[in-house]
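Read through the structure below, which is laid out as structure tokens, and then see the notes.
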Amino acid sequence: MRALEDLNPITAAVYFLAVSGIAMFSMNPVLLVISLAGAVLFFLVRNGSRSAASHLWMFGLFLLLFLVNPLFSHNGATVLFVLNDNPVTLEATVYGAAASVMVVSVLYWFRSFTQIMTSDKLLYLFGSLSPKLALVMSMGLRYVPLFSRQASKIGQAQTALGLYKDDNLVDRFRGGVRIFSVLVTWALENGIVTADSMAARGFGCGRRSRFSIFRFTSADFLVLTVTLLLFASAAVSLGSGALLFTYYPSIKPPDPTPLALSGCISYGLLALLPSILEAEEKIRWTCLKLKI
Amino acid sequence: MDLLKAENLTFTYPLTDPPAVSDVSFRIGEGSFAVLCGATGSGKSTLLRLLKRELVPLGEKSGRVLFCGVETEEIPASESARSVGFVMQNPEQQIVTDKVWHELAFGLENLGTPQPVIARRVAEMAGYFGIESWYEKNTSDLSGGQKQLLNLAAVMVMNPKILILDEPTAQLDPIAASEFITTLKKLNSDFSLTVLVAEHRLEELIPACDSLLVMEKGRLIAEGPPRGVIRDLAGQTELMLSMPAAARLFRALGSEGECPLTVREGRRMIEGNYDGRIRSLPEKALPEKGDPALEFKDVWFRYGRNLPDVLRGLNLTACRNEIFCVLGGNGSGKSTALGCASGILRPYAGEIRVLGKKLKEYKNQSLYKNCLALLPQDVQTVFLRNTVREELVDAGVDAGDLPFDLSPLYDKHPYDCSGGEQQLVALAKVLATKPEVLLMDEPTKGLDAGKKRDIAEILRKLKASGVTVVIVTHDVEFAASAADRCAMFFRGSVVSTGAPEEFFSENNFYTTAAARMSKGIYDRVVTVEDLVRLCELNGKKGGGEAG
């Protein structure tokens with residue numbers, strides 16, 4: 001089995017949609033904790049101890065969101081204490097905790113998503129919808145670095161020519177405006193060459209086909225099926241109300257029915273799926289190395 | 001069989017008077033390697049565009065172009081796109097997409113080729129061109145040589161019958177250019193692919209071609225096997241400048257027999273025909289060294305904390321009133337050194353002095369006032385206005401002070417000027433700051449031999465007016481003819497310096513064609529002109545009057 005990163009972009013995109021979708025539409029604390037655990041675990045498995053500072057920021061965000069709700073929302077039957085004549089309730093505190101777990105877990109899923117779904121993979125996804133859109137995006141992605149490089153080259157050339165009379169901000173701004181305007185001219189001029197190059201290679205001859213380096217393999221099929229099955233199972237439990245967790249006016253957890261349990265287990269497996277794939281691959285490599 | 005045939009082709013651009021191409025007829029046989037040469041503005045590009053249906057410019061056209069016996073207008077669109085491959089000059093702008101693999105597939109996608117076929121063709125091409133190792137890279141991260149190779153591969157993937165190239169190596173450094181030309185030769189001999197290439201850099205192309213077409217002012221003035229064409233190019237001194245050194249020597253000496261094209265053939269001609277009694281020309285008196293104008297003292301530079309050093313303890317001194325050429329390969333740090341000297345980049349150790357004063361002591365942009373100026377490699381970055389006139393007024397250029405005339409260009413947009421003209425307009429703008437030290441980065445890139453000679457002439461005039469010129473270049477032949485002193489750059493520092501005569505005759509590989517041709521026969525020869533004079537001094541072997 002291959003890691004999520006090496007699978008087809010469609011598989012990866014469906015997975016992220018499924019796992020974060022459930023987290024976003026449920027306020028059940030068990031599901032949310034599972035989501036957070038799965039997301040953080042996956043991020044750590046992929047990145048190790050790198051970007052340790054960013055975890056602190058995430059924790060800070062978590063605390064902030066956690067504290068805001070009970071301070072502003074005074075719903076709930078159980079008053080913990082009174083702050084400035086305002087009651088702080090147990091229900092609002094728990095609700096705040098659940099909401100912040102949800103936000104942070106979705107953010108963690110999204111961090112892994114941006115790492116895995118690089119520009120060419122996103123392009124492949126949108127290209128499935130429209131080949132024209134894919135080409136336009138691909139050209140756009142090509143022009144961004146081209147422009148920024150040209151802008152800095154023009155800036156340097158003009159500095160050495162004495163465009164900036166003095167070391168001050170106004171002068172710098174004025175120079176920047178002129179560079180931007182000449183950059184537009186440059187882009188139009190040089191766009192003609194690109195257009196010629198496209199025409200010379202038969203652009204506009206007729207229906208375009210689409211080539212991509214991503215293949216849909218049996219591993220993709222397997223992972224996609226498992227993802228969809230687990231998602232369906234969790235969604236059914238969620239939709240039937242078996243996992244409905246009531247916060248207000250007083251906390252009332254759902255009954256541990258088989259449907260609720262199966263939903264939790266399915267979602268747990270779904271959240272752990274990418275970490276399992278990643279770990280399996282690492283273990284396999286270690287075994288292979290040991291054999292050498 | 002004739003693959004491509006032009007009959008009485010005439011073309012005039014709208015609102016211009018003389019036709020850009022007039023009454024041109026030629027034929028190119030299947031599997032031949034044809035080279036089209038001519039000065040800038042002789043109509044080469046227009047002619048090539050007329051041969052590719054998709055790129056025919058707007059204007060008035062008469063005459064016919066036949067491809068495999070069919071007029072180009074009548075070939076179906078997809079067939080025309082597929083069978084006539086076209087590669088242009090600028091490597092960067094021809095690339096359409098962001099990934100190498102996508103660029104390779106682009107042409108086939110346009111033709112609606114099914115995915116499995118694209119996969120196979122792209123794989124074949126990537127393998128043949130050695131692209132596999134950078135197959136998944138972003139196109140913006142490639143070097144210039146890689147970009148142009150990708151452009152070639154992206155055309156070859158469509159399996160063309162003829163490949164038309166418009167100055168494909170003009171923007172490349174000599175090593176990349178030479179690799180590109182080798183690839184062309186290989187395609188021609190391995191697949192019998194018909195190639196038609198317009199180029200200024202002819203030293204390596206002409207020995208490989210079997211048909212040479214010469215254009216002048218829109219007319220085809222000669223066509224045929226290269227040796228014959230060169231022999232018959234009577235009175236075309238301007239055109240001869242871009243021919244291989246051996247052929248120029250042959251023509252200048254007025255020799256008879258078969259015209260040599262390669263260094264080896266040229267060497268045989270000298271050995272077989274000329275005496276070797278006088279080994280070298282009388283030594284030129286070395287100009288007295290002035291005060292240092294630009295000094296590097298143990299300068300270290302890197303682009304980022306975790307990146308490797310680009311300048312490693314660079315020591316270099318350019319003296320007042322000399323033309324100093326810095327030569328070296330790609331990525332050796334030459335341009336970076338100019339960046340440091342002009343205060344754009346900041347070295348992390350060492351000291352740079354301009355006119356005896358430390359760079360750090362030039363406060364408030366005073367370095368760029370009447371002191372130092374940099375002409376960058378990409379001269380388009382110098383322009384900010386819509387016409388050359390505005391550009392010059394803006395910079396405060398006094399046309400009378402310039403050592404060259406720009407008046408025919410005044411109403412043109414700077415981007416519409418040719419490469420050589422752009423170079424001159426940019427130079428005019430740079431000179432408006434009245435620099436005492438002028439730094440130039442690759443001033444001869446993409447220019448034909450005639451324009452290079454003009455630039456060298458202008459530099460000499462500037463030097464006479466008291467300007468110190470420091471040039472960074474790949475162009476060995478230009479440095480040999482223009483420089484007072486040369487320095488060889490390697491891995492971030494200077495490994496040797498000297499006057500061109502000693503510098504190039506002591507180098508074995510990194511040297512001019514004339515020096516390679518005369519090595520061991522004569523000493524201290526660097527240019528074809530030197531070699532001609534020396535051969536004439538020695539006289540023919542067994543020749544009575546020379547003895």
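Lettering follows sequence order; numbering is per chain, from 1. Values in this document were obtained by computation on a predicted structure and should not be read as measured data.
Note on B:Ile95, B:Leu55, B:Val155, B:Asp416: by heavy-atom pairs under 4.5 Å with chain A, the leading option is B:Ile95. Put simply, of A:Gly191, A:Ala199, A:Ser119, A:Gly204, the one with the most heavy-atom pairs under 4.5 Å next to chain B is A:Ala199.
The shortest distance between side-chain heavy atoms of B:Phe106 and A:Arg208 falls below 4.5 Å. Between A:Gln150 and B:Thr381 there is a side-chain heavy-atom pair separated by less than 4.5 Å. Looking at heavy atoms from C-beta onward, B:Tyr415 lies in side-chain contact with A:Thr185 at the 4.5 angstrom threshold.
Exactly one of B:Lys99, B:Glu136, B:His102 qualifies for a side chain to side chain contact (heavy atoms under 4.5 Å, CB included) with A:Ile213. That residue is B:Glu136. Just one of B:Glu54, B:Gln94, B:Arg49 meets the side chain to side chain contact (heavy atoms under 4.5 Å, CB included) condition when paired with A:Asp196; it is B:Arg49.
Proximity to chain A (any heavy atom under 4.5 Å) is shown, for B:Ala426, by neither the backbone nor the side chain. Proximity to chain A is absent for every atom of B:Asn138, based on heavy atoms less than 4.5 angstrom apart. Heavy atoms closer than 4.5 Å to chain A are found in both the backbone and the side chain of B:Ser140. The parts of B:Ala119 that come within reach of chain A are both its backbone and its side chain, each placing non-hydrogen atoms under 4.5 angstrom from that chain. Heavy atoms of B:Gln115 lying under 4.5 Å from chain A belong to its backbone as well as its side chain. With a threshold of 4.5 angstrom between heavy atoms, A:Gln156 approaches chain B through its backbone and through its side chain.
Ion pairing of A:Arg178 with B:Asp394 is present here, as a side-chain N (NZ or NE/NH1/NH2) and a carboxylate O approach within less than 4.0 Å.
Closest of all the heavy-atom pairs between A:Ser209 and B:Leu108 is OG-O, 4.0 Å. Smallest separation of non-hydrogen atoms from A:Met139 and B:Val96: CG-O, 3.4 Å. Scanning both residues, A:Cys205 and B:Asn110, for their nearest heavy atoms gives CB-O, 4.1 Å.
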### Task
Test salt bridge (charged side-chain N to carboxylate O under 4.0 Å, His left out) on A:Arg201 and B:Glu103 and set out the steps.
CA-CA 11 Å; A:Arg201 280 185 280 159; B:Glu103 188 65 23; 2.7 Å; yes

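Distance check, rounded to the nearest 0.5 Å: CG of B:Asp98 to CG of A:Leu146 gives 12.0 Å.
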